[in-house]
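The structure under discussion appears below in the form of structure tokens.
Keep in mind that the numbers below use all heavy atoms, side chains included, and drop hydrogens, waters and symmetry copies.
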Amino acid sequence: MPVENQPLDLGLIGNGRTAALVDPRGRLVWWCFPRFDGDPVFSRLLAGDEEKGFADVELDGMTTNQSQYRRNSAVIETVLSDAHGNAIRITDFAPRFKLYGRNFRPAQLIRIIEPIGGLPRVRIRVRPTHGYGEPRRSIAGSNHLRYLGGESVRLTTDAPLSYVVEETAFALSRPLHLVLGPDEPFDDAPETMASDFLERTHRYWLDWVRALAIPFEWQEAVIRAAITLKLCSFEETGAIVAAHTTSVSEAPGSERNWDYRYCWLRDAYFVVQALNRLGATKTMESYIDFIATVAAGADGDLRPLYGIIPGSPLDERIAEALQGYLGQGPVRVGNQAAEQIQYDVYGSIVLAVAQSFVDQRLPHTGDEGLYRRLAPLGEHAYARAFTPDAGIWEFRGRTQIHTHSVLLCWVACDRLARIAARLALTEEAGVWHRRAAEIRERLLREAWNESLGAFAGTLGGDYLDASVLLMHELGLVEATDPRFVGTVDAIGEKLSVNGHLLRYAIHDDFGMPETAFLVVKFWYLDALAAMGRRDEARALYAQVLGMRNSYGILSEDVHPLTGQLWGNIPQTYSMAGIVNSAMRLSRSWEEGLWLGLS
């Protein structure tokens, strides 16, 4: 069950172009406009104790609230009630459906407010911001409000405008409809438009979910993770953001506040793997196309992350007008990690794009032309495999030869060898095979630490790093290799805090890590399952599912002592972990149906 008093108890609505976060009281607390990485119109999540940057509906005398997704959809319904039988329902969604043969996904949010009990008295409040926390000024029209500052936003509604402007309480006797989006008029009445868009959007999500390939067990969790991954995909370019937020702290008072509204190349493998297993081929294909676009435009070192439109600036700055999540700043816009050297990116790209060479469901499979685009990345990986970098955890104050980075450089050469062989490029396949073998031999020799009884986080190093759990996942060693078994056991023992796993347990740029990185738990339980400890892995998987918030969503981190979620949300890494581990651990449909019906 979700942890009580969970600050990150937020649900996500969206449509592949825009997305917003809703809290259990039906308050819109985060919405970047007009796209995922835009200026937040609703910024309350990071406003500290300032009442700005949100839209909500207050019910006089409210005593209870309940909020949840409509089953198998990205539509959230919130019910507010008082002690006298008065109640309202708030329905929030972003329109998405087929129109004229294409996906209709405007930069709009729609809110429907309905009385469902008694004669409730409500107050509608809309307090948007611009410039990362500066209040907007409103101008009233005949049936709309224009919010000025930055790119103008329009609220079109059949609610009394004066009540909205003055935030006046009034009796709600009929459904009201609010449409937030670009400063453009539209022809239909808000009621007609909102009702029609809701029906079509709901039907779209039901149809999309129906086509998914899901495991027999943990179906609800996997479906919610699948929808969430879909909502993290910026459909125009195929980019998938690491999360929809910026600067939600990794740990209380840590200043580990980062902007995650961008696409990390290292996420690619896990996301493609999850989408592949779900059968969400269009989203997977678009993501592979995005990665291939980045690879084609690469000149020299690749960045570890890119904007959802490759080439857009990611310069990091501080947003002074926002106090920060729970008042814990700073709020960062942009990400300095884009300037870092991280050599694992070469393997990440090759690994993700390799899917297109073997997946016959795709309309255009990988060919020699695509291989020729990838080969230079392999050359870079081979040349720099044993060069210090910032590593997967993006250390800002030091560089070392990280085991994970070398592992991914090996992956680049190994997969290029396989691709070349598949394309009957025998001589080139041999070259890549020899290079991969060379990297592998040195990596296994220099990463092993006899005193730890495990592979260390750096070559010649003396500390544990959970990223080495991927050695088997990526094919470097067998799960039964005594060295890998010893590594898994050492990490499970020495990086565990109250049953949660840290990434590492050494001081970094901000001191000693305090919270556990959720995806690490998935890597660990996957390793246990591969080693034959399946029952133990299943128990740990159930434990991780219990960390989800009430909407079924995970962020980046969990505090090992309080169980509260921390870090940006929803975290793509974490949601992909829900899918990938379920696919590995679930009983088959045949076995499940037999047991379920017997």
Closest approach of [X] to [Y] (non-hydrogen atoms, all atoms of both residues):
| X | Y | result |
| --- | --- | --- |
| W205 | S73 | CB-CA, 3.6 Å |
| A55 | R111 | O-NH1, 3.4 Å |
| I318 | P330 | CD1-CB, 3.8 Å |
| L148 | I139 | CD1-CD1, 3.3 Å |
| A319 | V333 | CB-CG2, 4.1 Å |
| L278 | V222 | CD2-CG1, 3.7 Å |

[Y]/[X] salt bridge by N-O under 4.0 Å criterion:
| X | Y | value |
| --- | --- | --- |
| E556 | R256 | no |
| R125 | D56 | yes |
| E217 | R587 | yes |
| R96 | E235 | yes |
| E199 | R203 | yes |
| E184 | R154 | no |
| D23 | R25 | no |

How far does [atom1] of [X] sit from [atom2] of [Y], to the nearest 0.5 angstrom?
| X | Y | atom1 | atom2 | answer |
| --- | --- | --- | --- | --- |
| E58 | D60 | CD | CG | 8.0 Å |
| Q66 | L80 | CD | CG | 10.5 Å |
| L99 | R105 | CG | CZ | 12.0 Å |
| S581 | R538 | OG | CZ | 12.0 Å |
| K52 | Q323 | NZ | CD | 7.0 Å |
| L155 | Y147 | CG | OH | 5.0 Å |

Review point. Can W566 and S249 be said to form a side chain to side chain contact (heavy atoms under 4.5 Å, CB included), step by step?
Key: CA-CA 6 Å; W566 288 84; S249 307; 4.1 Å; yes
Point to revise | CA sep, side-chain torsions, deciding dist, call: F522, V544, side chain to side chain contact (heavy atoms under 4.5 Å, CB included) | key: CA-CA 8 Å; F522 290 112; V544 179; 3.4 Å; yes
Side-chain donor-acceptor pair under 3.5 Å between [X] and [Y], yes or no?
| X | Y | answer |
| --- | --- | --- |
| W31 | T18 | yes |
| S233 | T283 | no |
| H177 | D158 | yes |

Is there side-chain contact between [X] and [Y], with heavy atoms separated by less than 4.5 Å?
| X | Y | answer |
| --- | --- | --- |
| D92 | L109 | no |
| T91 | E114 | yes |
| F33 | L180 | no |
| N86 | L172 | no |
| L46 | T246 | yes |
| S162 | T168 | no |
| W218 | L585 | yes |
| P175 | E191 | no |

Ring centres of [X] and [Y] under 6.0 Å apart?
| X | Y | result |
| --- | --- | --- |
| F104 | F97 | yes |
| Y260 | W258 | no |
| Y573 | W264 | no |

Could you tell me whether the side chain of [X] and the main chain of [Y] form a donor-acceptor pair under 3.5 Å?
| X | Y | answer |
| --- | --- | --- |
| S43 | P40 | no |
| Q219 | F216 | yes |
| Y204 | P95 | no |
| R332 | N257 | yes |
| R277 | A274 | no |
| W30 | G53 | no |
| N580 | A576 | yes |
| T515 | H559 | no |
| T129 | V41 | yes |
| D82 | L59 | no |

Exercise for review: Could you check C32 against R261 for side chain to side chain contact (heavy atoms under 4.5 Å, CB included), going step by step and ending with a plain yes or no?
Suggested key: CA-CA 10 Å; C32 294; R261 298 171 298 163; 3.4 Å; yes
Practice item. Among Q68, R70, R89, find the one that has a side chain to side chain donor-acceptor pair (under 3.5 Å) with E77. Key: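 When side chain to side chain donor-acceptor pair (under 3.5 Å) is applied between E77 and each of Q68, R70, R89, only R70 qualifies.
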Check your understanding: Counting heavy atoms not belonging to R102, are there more than 12 under 6.0 Å from its CZ?
Key ->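 Count not over threshold, so no.
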Review point. Where do H244 and I569 land on the side chain to side chain contact (heavy atoms under 4.5 Å, CB included) test, with the steps shown first?
Key: CA-CA 6 Å; H244 273 295; I569 189 170; over 6 Å; no
